[in-house]
Structures are given as C-alpha cells and as structure tokens.
2 protein chains.
Amino acid sequence: MDAGVVATVRRFSRTVTQRFGALNEHYLGGARPLGEARLLWEIGDGRDLRTLRATLGLDSGYLSRLLRSLEADGLVTVQADAADRRVRVARLTTAGKRERRALDRRSDGVAEAVLAPLSPRQRERLVAAMAEVSQLLRVGMVEVEAVDPGHPDVLPCFQAYFADLAVLFEDGFSPDAVLQPAIEVVLLARLGEATVGCVALYEPEPGVWELKRMWVDSSARGLGLGRRLLAEAEALARQRGASAMRLDTNRSLTGAIALYRSAGFEEVPPFNAEPHAHHWFHKAL
Amino acid sequence: MDAGVVATVRRFSRTVTQRFGALNEHYLGGARPLGEARLLWEIGDGRDLRTLRATLGLDSGYLSRLLRSLEADGLVTVQADAADRRVRVARLTTAGKRERRALDRRSDGVAEAVLAPLSPRQRERLVAAMAEVSQLLRVGMVEVEAVDPGHPDVLPCFQAYFADLAVLFEDGFSPDAVLQPAIEVVLLARLGEATVGCVALYEPEPGVWELKRMWVDSSARGLGLGRRLLAEAEALARQRGASAMRLDTNRSLTGAIALYRSAGFEEVPPFNAEPHAHHWFHKAL
DNA sequence: GGTACTGCCTGACTAGAGTCAGAGAAATGG
DNA sequence: CCATTTCTCTGACTCTAGTCAGGCAGTACC
C-alpha cells in the first residue's frame, strides 16, 4: 500500500488520540473511572446484569464489583427480578441519573472544546470531514455473517425491508402478496450491535440460487454495503455448488438495478410470478 | 453550540476510538506494553533520560523501571554521559532496533487494515477526510507563548523565516542587510514539541509597537495561524500600553498583505529604511 | 424430592501505569 | 574543601481493569 497514504492514516490516529486524549483527561479526568462511567451509561433506565455483561463484555465477577462500588456511592440499586429471582436488575437512583447527565455534559464539553478554537468556516470543514471519516470507518466495521432463516435478527430485517418497499414502490406494496420461498440461508450485515443489511438465498432449481430481500438500512447507505452483500452471496452460493444466480426486482429500485448490472447480471425474461417484479436478472457463476 | 454538530463530533470520537482501538489490540496487543513501546520509539538513536522524561512526561522513577525492563530484554543499554557523568544516555541495541522496526510495521498494519475493506474510491475519500481532520485538530492544539528574544527556540525561527524569504522574494534576500531592532518580546506558536510560527515585537517610539519577522512554518499554513499571531501580538502590545501598531513588508508576500489589510491595518508612507520593504502598514489600537 | 443448571457474588490474584519519598553519586558554587 | 544542587535509581504504594475458581441461592427437569 502507498506509504504516503499509510503515513496520513498514522498521523491521523496520532493526532486524534492526542487531541481527544488531552481533552478527555481535562473534562472527564478526576471524575469516575471509565469502567464505572460506561456502566452508569449503559444501565440507563434499568437493565438486568446478564444484558449488561453481554453488551459491555464484562466478567461476571468484575461487573459485580463495579456495581457494588456504584451502589456504595448511592448511584444505583440492584434488586432481584420478580419473575426469576436469580436474575438481578440494576437501576439508577436519582443521584445516579444526575451523575449520568453530568457525564453526558462533560462529553459535550469535549466536543465543544474541539471546535472552540476554530473559525466558523473551519468548524464547518472539520465537522464535515469528521462525518466523512466516521461513515467510512463504519464501512470497515461491518461484518457479514450467514445465519439460518429462523435466527431472531432475520425477521426484523425483513420487516424493515418491507417497510422500505412500501415507501419506495410507485404502485404500492403489500407484504402478504409476495412469494414466500423456502429460504435456505440469510446473510446479515452487522455493525456492532445493530443489523444494517441482509439478503436471503434459496435454491429454486438444482444449481441455481436466487436472491431475495436484499436490504440495506438507511443509516448504512452509500457505503457499498449492497455490493458487498451481493459479492458475499455469490461466494456463498458458489461454495454450495451454484452454477448460476438469479433475482427479480421492482422498477422503482433504480440503484439496485444499476448495482446488479454492474455486478455482471443480465436481464432475462420473467422466471417467476412475483407480483411486484418488473425486471428479472441472471448471472452465470 | 449546535447540538447536531456536537453529536457529530461525539460520534466521530466514539467511532474512531472503537475502530482504532480494536485494530490496535489486534495488531499491537500481546506485544510490548504501551509504555515500553513508546519509550522504545522515543529512544531512537540514543537520548539522555532527562529529554526522554520531558518528551514522554514520565516520572523519573517510572522511567528508570521501564528502562530496567527493556534492558533486561536486551533491547537497550544505558550508559553515563561522558561529559556529565550524572546524566545517563539510553541507546537501542541491535535487538532493540529490530523490535522498533517491528512495532513500526505493526502500526503500518493498523493503517492498512483501516483502508483494506474499502474500495479505491472510498480510500481516497477517507484519506482526504483524515488529512483534513488532522490539520484542523492541529489548529486547536497550537499554543502561543510570549518569550524573551534570548530564548533558545527564537533563533531557529528567525533562521527559518530568513530561509523562506530567500525563496519568496522576487528580488532576492540577504539576512545581513535587514534592520536589527532591539526586540522586546517574541510570540512563539507551539504545536507540541515543535515551534511552528513566530512574531517579534519592539517599541521604536513610545506607544508605538512594531511587528517584525512574522513567520509560519509551511507545515502549519492554512490554519489561520498568521491571523492568530497577529491578534495575540495586538493584545500583548495593548497590554503593554501601545496605542498603535506598525509593520513593513515585501510585495512578494501577498498573503500577508491581505491579512494585514483585513485585520484593519492601513498602508502609510515609509517609516523606516528596511531594504526589502515595499509596503508600510499602520493600525491604531 | 433429587439433580443439574443459571445467575450472581466473593476471594485471591495479575498486569499495566503510575506516584512519592528518600538515597547515593556526580557536578557546581563559594 | 564543603555545602548545595542535579540526576538517577530503589523501595513501597496506589488505582484501574481485569481474570479465575469456587460457592450459594433459585429455577427447571425428571
């Protein structure tokens, strides 16, 4: 990789670490230790310890100790869950909520301090560049995972997909009318906790795999995620013995159509009776 | 400050921390602890402990222990300085240099991993945005400090200034010909260790302060540093009882001339015999 | 009712990153 | 030459952020 480009990235990392490091120390330093602060934040309006452990990736013993410390400061209470008395639920006290707001204000303070020394014009440039960096870094954090169709994260994706279609299709959309194929596998695009995209695959005829319900969340558009899902779907199908891939789509989805064409799909006559389909595509693998 | 802007900055900070944090852990984790790695880096081709303490901001006892640990691993040697045997100098052994290169490669690895998942077009955008962020964050890190003309950092600035002029002036430049006023105070612009700008002040007539040798390093141009130095110079002069400020400049320095005008300076007849001056400016405070 | 399993807590331990108070050797000032 | 200062090192501590093993209470399954 180009040395100048690598140098720019390294310099970026160093500068950001230094700048935010110094300001964090100034604004957050002397306050609560990081572990407790993150916990305080995550408890919010009450969470059971199991969830807290999972989202923060903490050891059970360590979490317990952190909670004892916050409890000693009167910031949280921990009580047994009514339904299952093994499970314990942490809740913020009034003082805890106050502390949480204070942490929040201090984080705002850091952000303001970053912008403060700049002219309005420079601020605009910095904020725009930061937004660009965040977005592009997020691209690299997306992980694509193959799950089976019964996976709990699949249904919400399909529902989000249908909801999007209802808005996009010129001639309306009804989820009940669409074909319900026997889906074999679903690729989920994950960004940390959130699921930001999906595509379903099944094998309508031996050797031919069909793509259904390719969806990318609005928060993750413009990151090339559609292309990536398509590529991973092809790889997966090929790995399972596919010799061809096909899909249908609606004329309103111009972006998707352009993507399919540029990925080597060619338009073919209708191969199914999908009610909302206007274009049918095929690609030999 | 606008909440959306603050949210963008906070999101940026979170995303960058997460992304680089995860990659650093992956590439640098398991290797040498951070403190030792930084020290190894900073020692380079041999540094005395006093300098190391200053640049890394370490406690003397702590530095000593870190060095013992690196010494035990055969990466550095520490010897008394020949001139002053109280001072000790740390040097990398061959193994130490190898280790330092390895750390370096791992840092490159992090940078490459950030770019790897992106398309060429996205990489370009990311690198451009990162450069912009670095530059603008650096603006906020610049500190302006008033020192007296004998300060050791002053002379290198003036020399850099003269070297720049020699390149810029259409009709050449000789440092020996310029006036040598009795400078009262120098403002230095500091960016971490480096001095990236300066301006000298003196009082040729009671109540009138004159600016000389305003310089901004090429690495820090376009950050509004000139304007800031000018503003700080005015503030300092006013504080010391100035009622007016003046300066002269060369016709080749069009950027500087525009800056003076926009800061409220007005062109006046020559008030000195500076050999390289074409324009003379004055501003009532 | 017994057994296995969950969920949580406690005690014991580790590593990194420091801080602080002297002690001792070398240099400097008078 | 002696006192003071400078520079470094050692020993004793601290705080944060964990990990690991074992134990107890509650729930679920047979």
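A note on names: the letters A, B, ... follow the listed sequences, proteins ahead of strands, and every chain is numbered from 1.
No donor-acceptor contact under 3.5 Å links the side chain of A/Arg53 to the base of C/dG7.
Taken to the nearest 0.5 Å, the CZ atom of B/Arg106 stands 9.0 Å off from the CZ atom of B/Arg32. Note that CG of B/Leu52 is 12.0 Å distant from OG of B/Ser60, once rounded to the nearest 0.5 Å.
Checked against D/dC9, C/dT19, D/dT16, the side chain of B/Arg68 finds its nearest nucleotide in D/dC9. Comparing C/dC20, C/dT10, D/dT19 by their closest approach to the side chain of B/Arg65 singles out C/dC20. Proximity note for B/Ser64 (side chain, C-beta onward) versus C/dG18, D/dT19, D/dC9: the nearest is D/dC9.
The CG atom of A/Leu70 sits 13 Å away from the P atom of C/dC9 (whole-angstrom rounding). Whole-Å rounding puts the B/Glu71 CD to D/dC9 C1' distance at 12 Å. As rounded to whole Å, 17 Å separates atom C1' of D/dC7 from atom CD of B/Gln79. Rounded to whole angstrom, the span from the CG atom of A/Leu56 across to the P atom of D/dT16 amounts to 18 Å. Straight-line distance from the CG atom of B/Asp59 to the C1' atom of C/dC20: 8 Å, rounded to whole Å. Regarding A/Leu58, its CG atom lies at a distance of 15 Å from the C1' atom of C/dG7, rounded to whole Å. Between the CD atom of B/Glu36 and the P atom of C/dG18 there is a distance of 12 Å, rounded to whole Å. The CG-P distance, from A/Leu39 to D/dT16, rounds to 15 Å in whole Å.
Heavy atoms of A/Leu34 sit under 4.0 angstrom from primed sugar atoms or phosphate atoms, though from no base atom. As judged by a 4.0 angstrom heavy-atom cut-off over every strand, A/Gly61 is placed among the base-contacting residues.
For the pair A/Arg88 and C/dG7, the criterion of a side-chain N or O lying under 4.0 Å from OP1 or OP2 is not met. Between A/Arg50 and C/dG7, a side-chain N or O to OP1/OP2 separation shorter than 4.0 Å is present.
Taking the centre and axis of the six-membered ring of A/Phe158, the NZ or CZ atom of A/Arg213 falls inside the cone set by 45° and 6.0 Å.
Between the side chains of B/Asp104 and B/Ser107, not a single donor N or O lies within less than 3.5 Å of an accepting N or O. Residues B/Thr77 and B/Glu71 have side chains that never bring a donor and an acceptor to within less than 3.5 angstrom of each other. Side chains of B/Thr94 and B/Arg98: no donor on one and acceptor on the other come within 3.5 Å.
Residues B/Val87 and A/Ser60 both approach DNA chain D. Their nearest nucleotides, taken by heavy-atom distance, put B/Val87 toward the 5′ side.
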Strictly under 3.5 Å: I want the nitrogen or oxygen pairs between protein and nucleotides 25-28 of chain D, one per line.
| unit_1 | atom_1 | unit_2 | atom_2 | d |
| --- | --- | --- | --- | --- |
| D/dG26 | N2 | A/Arg86 | NH1 | 3.0 |
| D/dT27 | OP1 | A/Arg85 | N | 2.9 |

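Taking the six-membered ring for Trp and thresholds of 30 and 60 degrees, B/Phe12 and A/Phe12 have ring planes more than 60 degrees apart, a perpendicular arrangement.
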